[in-house]
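Worksheet: the structure to be examined is printed underneath.
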Amino acid sequence: MGIPSINEVELGELLLSLNYLPSAGRLNVDVIRAKQLLQTDMSQGSDPFVKIQLVHGLKLVKTKKTSFMRGTIDPFYNESFSFKVPQEELENASLVFTVYGHNMKSSNDFIGRIVIGQYSTGSSESNHWRRMLNTHRTAVEQWHSLRSRAECDRVSPASLEVT
């Protein structure tokens, strides 16, 4: 396990479900919910949303995002996304999940990120990816603790490729 990462602040957790359909070459992602997100806007609470980015090798291929949930740090999304990933490209794929606080006035506030796939940001992320690869056509869900941008950039080249 090694030394636990130094999380000065708990950024929150994200519940994701992954499912790969080899015949269709589709990677299906469900963003189910998040909890205890770090509040970025103290005045009215956060309006969090999740950005999902498919990175192939070190190239950003596709970006999708959930709707944003007003004034909550425990949002339920239950939103599904599908990415086209041919089976022979799966081993080079990474999914970058970034939670932002929606901000009307300025750019969105970064809350936390994880990467699952070729350049996973940790053992829990690699484990989820492995479980998905071993159970085709069955959705595998798992909670993940969000990480800081600096930590993701340090351990995952895919994190450096996305904005």
Side-chain angles (χ1 to χ4, degrees), residues 1-2 4-20 26-42 45-56 60-83 85 90 93-103 107-135 138-163:
M1 292 299 284
S5 60
I6 304 142
N7 267 359
E8 312 81 67
V9 273
E10 287 295 322
L11 303 172
E13 295 190 50
L14 190 59
L15 179 59
L16 302 170
S17 165
L18 302 176
N19 175 10
Y20 186 67
R26 294 209 83 80
L27 178 54
N28 296 325
V29 177
D30 288 357
V31 178
I32 301 169
R33 54 177 291 214
K35 66 177 183 195
Q36 295 302 299
L37 294 174
L38 181 73
Q39 207 155 326
T40 53
D41 187 336
M42 289 310 170
S46 299
D47 295 340
F49 69 94
V50 184
K51 192 190 264 192
I52 308 105
Q53 291 168 295
L54 173 65
V55 176
H56 184 258
L60 174 60
V61 182
K62 197 89 181 139
T63 297
K64 304 193 177 196
K65 47 166 131 22
T66 66
S67 46
F68 60 91
M69 299 291 158
R70 286 196 179 282
T72 177
I73 58 166
D74 297 298
F76 279 84
Y77 294 104
N78 287 321
E79 292 186 40
S80 301
F81 302 90
S82 184
F83 294 93
V85 183
L90 197 57
S94 300
L95 287 168
V96 183
F97 295 88
T98 310
V99 183
Y100 290 96
H102 180 74
N103 191 326
S107 64
N108 295 316
D109 304 314
F110 181 95
I111 296 176
R113 168 177 291 170
I114 55 159
V115 184
I116 299 179
Q118 181 189 18
Y119 293 117
S120 286
T121 37
S123 52
S124 138
E125 292 89 329
S126 328
N127 184 29
H128 194 181
W129 186 251
R130 223 175 12 255
R131 283 169 53 219
M132 177 200 78
L133 294 177
N134 294 336
T135 50
T138 310
V140 184
E141 62 178 57
Q142 190 175 313
W143 282 99
H144 295 278
S145 296
L146 293 168
R147 300 169 186 273
S148 69
R149 178 178 267 154
E151 184 185 357
C152 290
D153 285 354
R154 199 172 61 242
V155 298
S156 171
S159 177
L160 292 164
E161 295 307 310
V162 303
T163 43

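Computed from a prediction, not measured in an experiment: that's the story for all the values here.
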Does [Y] offer a backbone N or O that forms a donor-acceptor pair with the side chain of [X] under 3.5 Å?
X    : Y    : result
S156 : C152 : no
S94  : Y119 : yes
T121 : V115 : yes
Y20  : T138 : no
Q142 : S124 : yes
N127 : S123 : no

Salt-bridge present (R147, E125; N to O < 4.0 Å):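 Looking at E125 together with R147, the answer is yes, because their closest N to O distance falls below 4.0 Å.
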
Over all heavy atoms of both residues, which pair between [X] and [Y] is shortest? Give the atoms and the distance, please.
X   : Y    : answer
D30 : S80  : OD1-OG, 2.8 Å
V61 : H56  : CG2-CB, 3.5 Å
V31 : Y77  : O-CB, 3.4 Å
V96 : A158 : CG2-O, 4.2 Å

Plane angle bin for Y100 and F110 - parallel if under 30°, tilted between 30 and 60°, otherwise perpendicular: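 Rings of F110 and Y100: perpendicular, over 60°.
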
Within 45° cone of F97 ring axis and under 6.0 Å: K51 NZ or CZ: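 The answer is no; the distance or angle limit is not met.
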
Audit row: K64, V29, side chain to side chain contact (heavy atoms under 4.5 Å, CB included) steps and yes/no: CA-CA 11 Å; K64 304 193 177 196; V29 177; over 6 Å; no

Residue that, paired with L37, satisfies side chain to side chain contact (heavy atoms under 4.5 Å, CB included) out of L11, D74, L146: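 By the side chain to side chain contact (heavy atoms under 4.5 Å, CB included) criterion, L37 pairs with just one of L11, D74, L146: L146.
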
Minimum side-chain heavy-atom gap H102-P48 below 4.5 Å: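 No; the side chains remain at least 4.5 Å from each other.
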
Full working for salt bridge (charged side-chain N to carboxylate O under 4.0 Å, His left out) between R70 and D47: CA-CA 4 Å; R70 286 196 179 282; D47 295 340; 3.6 Å; yes

Check: S159/R149 side-chain N/O donor and acceptor closer than 3.5 Å: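 Checked: S159/R149 side chains show no N/O donor-acceptor pair below 3.5 Å.
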
Value rounded to 0.5 Å, distance of CD1 in I52 from CG in L95: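 Reported to 0.5 Å precision, the distance equals 8.5 Å.
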
Atom NZ of K65 with >12 non-hydrogen neighbours under 6.0 angstrom: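 No - once you tally the heavy atoms of other residues, nucleotides and ligands closer than 6.0 Å, there are 12 at most.
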
